[in-house]
Every structure is written in C-alpha cells, then in structure tokens.
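Residues take their numbers from the sequence shown, with the count starting at 1. Predicted model only: the values in this text are computed from it and were never measured.
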Amino acid sequence: MKSFKRRSLSTGFLLLVFSANLFSANKYIEVVAYRANVRVAATTSATLVVTSHRGDIFELLGENPNWYQIQLFSGEIRHLHKSLAKEVLYKPEVPEDTALRSQIFQALNEAEARVIKEADQRYPPNSRLPMNLQYQTQLRDKYKLEVMHQLNSQAPIFRRIFLEGLKNDW
C-alpha cells in the first residue's frame, strides 16, 4: 500500500510539473528602437546577425542584466540589447488568409534556398563544412527576417506557418 501511495504521489507531482510547463505562456519582446542589431553573443563586439526594425517581436528565451536572449529562425540563441526592446504581451496568430500563409511559406523556402546557395559559394561544404554551416545559420536569420518584414508578419508565427506548409504540401 505504501508503494502505491508513493507512486501515486510521484505521478501526481510529475503531472503537476508537466502541466505547469505545458500551460506556461511564452514571453516576448518588442523592438522599440528604430533599428536594433541582433548579435551572436551578448556584446557589441559580437558578430551582427541582422538588424531588426521597430515593432519586430521575438520570443524571449532568457536575459541577463543588459541583454535579451531571443529565438530567431535558425534555432540559435541570439542577443538584443535591453535598451532597444521591451517585454510585451503577445499571442502569435497566423494570418487568417490561407493564400497569405502559403505565400509566407513559399517566400521562406526561397530564402532557405538562397541561404544554402550563398553559404555553399562562400564556404564550399566539401572543404569548409563547419564555416558553411555557421554562415548558414547567420544568413537564415537575416533572410527569413527580411521575408517577415516584406510580408508584414512577425517571427514567432514562423513555426506554425512552416508546419502548416509541410502538412499542406505548399
């Protein structure tokens, strides 16, 4: 009987922890500066990945006293100085128009093809694969953010659009 109680309590605790993580809301930041440099590390001397615009919203992964850690398209952690953005309440919503969602998906795929082509030209993968892959992640964030700007969309909807596009074979 003791063993059953212990297992029940353990299971209940795990369910509680899992539920808390499942229902915890993601946090977001919005760029408040006219332009804001997004970098590979939390220092102004780090490589510039992309310049974001006022109104851009990004998923917040973490922070330190001076920098936000954000999520972009490559999956790599990127850094944005806190003086250039603020935390906001935001709920990512994809556009209702299916044609626009498909257009975003197609444009993101075209950006991905451009990323690979340019990285392969600059760092041939057969001889410089590590540099090629690193360069791809930087270009991926840059070109895909450009797509989102052109189509008046926010970065946090990327995953939903991507999954829907794969599902619907756009």
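The line from CD of Glu30 to CG of Leu60 is 13.5 Å long, rounded to the nearest 0.5 Å. Here the straight-line distance linking atom CZ of Phe162 with atom CG of Leu108 works out to 9.0 Å at 0.5 Å rounding. Distance check: Gln121 CD to Tyr135 OH gives 9.5 Å after rounding to the nearest 0.5 Å. In this structure, Ile77 CD1 and Leu61 CG are separated by 5.5 Å, a value rounded to the nearest 0.5 Å. A distance of 12.0 Å separates CD1 of Ile70 from CD1 of Ile57, quoted to the nearest 0.5 Å. We find the CZ-CG distance between Phe105 and Asp169 to be 8.0 Å, quoted to the nearest 0.5 Å.
Side-chain heavy atoms closer than 4.5 Å link hydrophobic residues (I, L, V, M, F, W, Y) into clusters, and following such links, possibly through other members, connects Tyr68 to Val88. Tyr143 and Ile161 fall into different hydrophobic clusters, where Ile, Leu, Val, Met, Phe, Trp and Tyr are joined by side-chain heavy atoms under 4.5 Å apart, directly or via other members. By the criterion of side-chain heavy atoms lying less than 4.5 angstrom apart, applied directly or through intervening Ile, Leu, Val, Met, Phe, Trp or Tyr residues, Ile157 is grouped together with Ile29 in one hydrophobic cluster. Follow the hydrophobic side-chain contacts under 4.5 Å out from Val147 and you reach Leu72 in the same cluster. Cluster membership for Val50 and Val115, using ILVMFWY side-chain heavy atoms within less than 4.5 angstrom, is not shared.
Taking 4.0 Å as the cut-off between side-chain N and carboxylate O, Glu164 and Arg101 count as a salt-bridged pair. Look at Glu87 and Lys82 and you find no salt bridge, because none of the NZ, NE, NH1 or NH2 atoms lies under 4.0 Å from a carboxylate O. With respect to the salt-bridge test (charged N to carboxylate O, under 4.0 angstrom), the residues Arg114 and Glu118 qualify.
The minimum heavy-atom distance linking Pro95 with Leu100 is given by the pair CB-CD2, 3.6 Å. The minimum heavy-atom distance linking Thr51 with Leu145 is given by the pair O-CD2, 4.4 Å. Of all the heavy atoms in Lys144 and Ala111, the pair that sits closest is CG-CB, 4.1 Å.
Environment of CG in Asn152: sparse, with no more than 12 heavy atoms of neighbouring residues, nucleotides or ligands closer than 6.0 Å. Atom CG of Leu89 sits in a sparse spot, with 12 or fewer heavy atoms from other residues, nucleotides or ligands closer than 6.0 Å.
For the pair Pro92/Phe158, no side-chain contact is recorded, criterion being any heavy-atom separation below 4.5 Å from C-beta on. You'll find the side chain of Gln103 stays beyond 4.5 Å of the side chain of Asp97, heavy atoms only. A heavy-atom distance below 4.5 Å is found between the side chains of His81 and Asn66.
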Legend entry - Residue pair Val38, Leu48: steps toward the side-chain contact (heavy atoms from CB on, under 4.5 Å) verdict: CA-CA 6 Å; Val38 178; Leu48 173 67; 5.7 Å; no

Legend entry - side-chain contact (heavy atoms from CB on, under 4.5 Å) evaluation trace for Gln71 with Glu76: CA-CA 7 Å; Gln71 176 80 43; Glu76 298 290 321; over 6 Å; no

Inset, instruction - Go through Arg78 and Gln69 one step at a time and tell me if the side-chain contact (heavy atoms from CB on, under 4.5 Å) criterion holds. - result: CA-CA 6 Å; Arg78 301 301 187 200; Gln69 296 174 339; over 6 Å; no

Inset, instruction - Take Gln154 and Phe58 through the side-chain contact (heavy atoms from CB on, under 4.5 Å) test and state the conclusion after the steps. - result: CA-CA 8 Å; Gln154 294 292 349; Phe58 302 108; over 6 Å; no

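Remark: the His149 side chain and the Asp56 side chain contain an N/O donor-acceptor pair separated by less than 3.5 Å.
Listed for the Thr43 side chain is no donor-acceptor partner under 3.5 Å among the backbone atoms of Ala41. At distances below 3.5 Å, at least one donor-acceptor pair connects side-chain atoms of Asp141 with backbone N or O atoms of Ser74. Listed for the Ser52 side chain is a donor-acceptor partner under 3.5 Å among the backbone atoms of Ala36. Not one N or O on the side chain of Arg39 forms a donor-acceptor pair closer than 3.5 Å with the backbone of Thr47.
If you run side-chain contact (heavy atoms from CB on, under 4.5 Å) between Arg140 and each of Lys142, Gln138, Gln136, only Gln136 comes through.
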